[in-house]
Amino acid sequence: MSDINSIKVLYFASLGEEFGIAEEHLTIPRVPFHVSSLKKLLSARGEQWKNRLQASNILCAVNQEVQQGEDIQLNPGDEIAFFPPVTGG
Amino acid sequence: MSDINSIKVLYFASLGEEFGIAEEHLTIPRVPFHVSSLKKLLSARGEQWKNRLQASNILCAVNQEVQQGEDIQLNPGDEIAFFPPVTGG
Amino acid sequence: MIRVQKEDFDLTAEYHKLIKKGESGAIVTFVGLVRDFNKGRVNESMLLQHYPGMTEKVLKKIEQEARQRWRLLETTIIHRVGELLSGDQIVLVGVSSKHRSDAFSAAQFIMDILKSEAPFWKKEGEHWVEAKSSDDKAAARWL
Amino acid sequence: MIRVQKEDFDLTAEYHKLIKKGESGAIVTFVGLVRDFNKGRVNESMLLQHYPGMTEKVLKKIEQEARQRWRLLETTIIHRVGELLSGDQIVLVGVSSKHRSDAFSAAQFIMDILKSEAPFWKKEGEHWVEAKSSDDKAAARWL
């Protein structure tokens, strides 16, 4: 599944259900690669991916820390998660 | 203990302890008689009574309702209580 | 539900009475305990005196006021009187509601007003406890 | 103390763990319960998903923040995950302190921030629950 250049991507709640996938490993290029680049890559999979990932309420965590912007650079071994607003408690 | 013209007077916490009495029945005159009249009557018992009853933090309840002023008229059968600020809970 | 009693109370039993199954989304409970008041002398007891009759009236009024201010399902106020020791439970306030903000506000309101209006007096050893101005301030913010 | 678990929890057991005898004067507990979300179909279940690893980190951060803001003796956060039914317990927040205002504020703070930051998601039947703006507002007042 994973190689030395791969990142782990997680999709929670309605996102995971709509995409039909909860977790995957992706090989990233050796050039600078950001959250925005990952979103672009995933959005190319189709309208559903594009619409959900570009929605303003979708959150992104890198290594379990929620990110405000999309300019953080991703490195091999990173864990990226996309999810809708939380609703626990 | 009580007759038809009497009121019941209660003293709680430090007041009851200092006065050496928790409850008594007093006969009140047939003329208008107020909380202020009662305080005057009791204050005549000595310095300790006077000092404690005139202290600004001492509360007075008539028929279990705390009174703001001292001008409420007392009637036979009334229950009057004097006590320091409450400290429960 | 209002109770003034010498006996101890059981949080679990009161908690279960607060739940309306399927309706209650939030249960807030507050328990007040006796703290060590005199480090030298352990096991010195505390006495809780109250004004029978008036106490129940005041607690009922506080409960009604809370139910007017917030959307509550159930409310419980239990206050003990008599002799208590360090670590003993003194007071329980429990509130259930659909949403948590109502339960939190009501429980805090009940405790704040109880502390400043319910006729209870604490005596620690030989010493009657003095009222705290912080309790007056806590009650005043609900005015 | 932080726990994320499938199993139910016992309020009494957690309550007793919160008490530091002689030091604790105030114990506030909050329990969140599953409400009926679909009046037609009784016994439809709720699913609580979470982000293992991140959840624990976020809860620990919230707990630490509460301990910095208020004088607390003990804190407990337990959140259940998996399948739950109407009336089931979802979350427990417990706080003990010397004085009641610290315990009340901290318990409410923990719940408010948990609701807006801890990665849990509820699914009621076939429907993922939408986030409420009231929860964002509740969290924002602590900023």
Side-chain angles (χ1 to χ4, degrees), chain C residues 10-16 18-39 42-44 73 85-112 114-115 132 134-135 137-139 141, chain D residues 10-16 18-39 42-44 73 85-112 114-115 132 134-135 137-139 141:
Chain C
D10 176 24
L11 176 62
T12 318
E14 302 309 328
Y15 168 67
H16 286 293
L18 288 166
I19 298 174
K20 284 197 169 174
K21 204 191 151 206
E23 283 186 72
S24 303
I27 318 274
V28 171
T29 69
F30 170 86
V31 177
L33 303 165
V34 180
R35 287 191 293 124
D36 293 334
F37 49 85
N38 192 334
K39 288 210 169 158
V42 184
N43 284 332
E44 203 171 8
L73 292 163
L85 295 171
S86 177
D88 279 354
Q89 302 185 130
I90 305 172
V91 57
L92 167 76
V93 169
V95 178
S96 71
S97 61
K98 206 167 152 186
H99 302 294
R100 75 184 183 287
S101 69
D102 290 316
F104 269 117
S105 298
Q108 202 162 5
F109 169 85
I110 290 170
M111 272 311 300
D112 285 347
L114 182 157
K115 277 262 179 188
K132 285 189 289 181
S134 61
D135 285 330
K137 275 182 211 150
R141 73 197 160 107
Chain D
D10 176 23
L11 177 62
T12 320
E14 303 308 328
Y15 169 67
H16 287 293
L18 288 167
I19 298 174
K20 283 198 170 176
K21 202 189 153 209
E23 284 186 70
S24 303
I27 317 272
V28 172
T29 69
F30 170 86
V31 177
L33 303 165
V34 181
R35 289 191 291 123
D36 293 335
F37 48 86
N38 193 333
K39 288 208 169 158
V42 185
N43 284 332
E44 200 170 9
L73 293 163
L85 296 171
S86 177
D88 280 354
Q89 302 185 127
I90 305 172
V91 58
L92 166 75
V93 169
V95 178
S96 71
S97 61
K98 205 167 154 187
H99 303 294
R100 75 184 183 285
S101 68
D102 290 316
F104 270 118
S105 298
Q108 203 162 2
F109 169 84
I110 290 169
M111 272 311 300
D112 285 346
L114 183 158
K115 278 262 180 189
K132 286 190 289 180
S134 61
D135 285 329
K137 276 183 210 146
R141 73 199 162 105

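The structure presented is a predicted model; accordingly, all values stated were derived computationally and were not measured. The chains referred to below are lettered A, B, ... by the order of the sequence lines, with proteins before strands, and numbering in each begins at 1.
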Trainee: Could you report the tightest heavy-atom contact between D:G22 and C:S86, atom names first, then the distance?
Mentor: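 Residues D:G22 and C:S86, closest heavy atoms: CA-OG, 3.4 Å.
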
Trainee: Is any side-chain heavy atom of D:R35 closer than 4.5 Å to a side-chain heavy atom of C:H99?
Mentor: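 Contact flag for D:R35/C:H99 side chains = yes.
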
Trainee: If you count heavy-atom pairs under 4.5 Å with chain D, which of C:V91, C:L11, C:V93 comes out on top?
Mentor: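 The residue among C:V91, C:L11, C:V93 with the greatest pair count is C:L11.
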
Trainee: With a 4.5 angstrom heavy-atom cut-off, which part of D:A107 approaches chain C: side chain, backbone, both or neither?
Mentor: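 The answer is both parts of D:A107.
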
Trainee: D:D112 versus chain C, heavy atoms under 4.5 Å apart: side chain, backbone, both or neither?
Mentor: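 Backbone plus side chain of D:D112, per the 4.5 Å heavy-atom cut-off to chain C.
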
Trainee: With a 4.5 Å cut-off on heavy-atom pairs, point out which of C:S96, C:S24, C:A103 contacts chain D the most.
Mentor: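 Highest number of heavy-atom pairs under 4.5 Å: C:S24.
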
Trainee: Any chance you could lay out the side-chain contact (heavy atoms from CB on, under 4.5 Å) test for D:D135 and C:R100, step after step, and finish with the verdict?
Mentor: CA-CA 10 Å; D:D135 285 329; C:R100 75 184 183 287; 3.0 Å; yes

Trainee: In terms of heavy-atom proximity below 4.5 Å to chain C, should D:A138 be classed as side chain, backbone, both, or neither?
Mentor: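 D:A138 touches chain C through side-chain heavy atoms alone.
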
Trainee: Please classify the contact of D:F30 with chain C as side chain, backbone, both or neither, using a heavy-atom distance under 4.5 Å.
Mentor: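 For D:F30, heavy atoms of backbone and side chain both lie under 4.5 Å from chain C.
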
Trainee: Salt-bridge test for C:D88 and D:K21: reply yes if a basic N is under 4.0 Å from a carboxylate O, no otherwise.
Mentor: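 Salt bridge between C:D88 and D:K21, a charged N being under 4.0 Å from a carboxylate O: no.
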
Trainee: Of all residues at least two apart in sequence or in a different chain, which pass the ring-ring contact (aromatic ring centres under 6.0 Å, His included) check with C:F109?
Mentor: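 With neighbours one apart ignored, the set is C:W70, C:W142.
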
Trainee: Which atoms of D:E23 are under 4.5 Å from chain C, going by heavy atoms: the side chain, the backbone, both sets, or neither?
Mentor: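 Only the backbone of D:E23 comes within 4.5 Å of chain C.
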
Trainee: Can you say whether D:K98 sits under 4.5 Å from chain C via the side chain, the backbone, both, or neither, judging by heavy atoms?
Mentor: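 Both backbone and side chain of D:K98 come within 4.5 Å of chain C.
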
Trainee: Under 4.5 Å from any heavy atom of chain C, what part of D:I27 do you find: side chain, backbone, both or neither?
Mentor: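 Both backbone and side chain.
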
Trainee: So, do D:T29 and C:V28 sit near enough that their side-chain heavy atoms are less than 4.5 Å apart?
Mentor: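 When only atoms from C-beta onward are counted, C:V28 and D:T29 do not touch, as no gap falls below 4.5 Å.
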
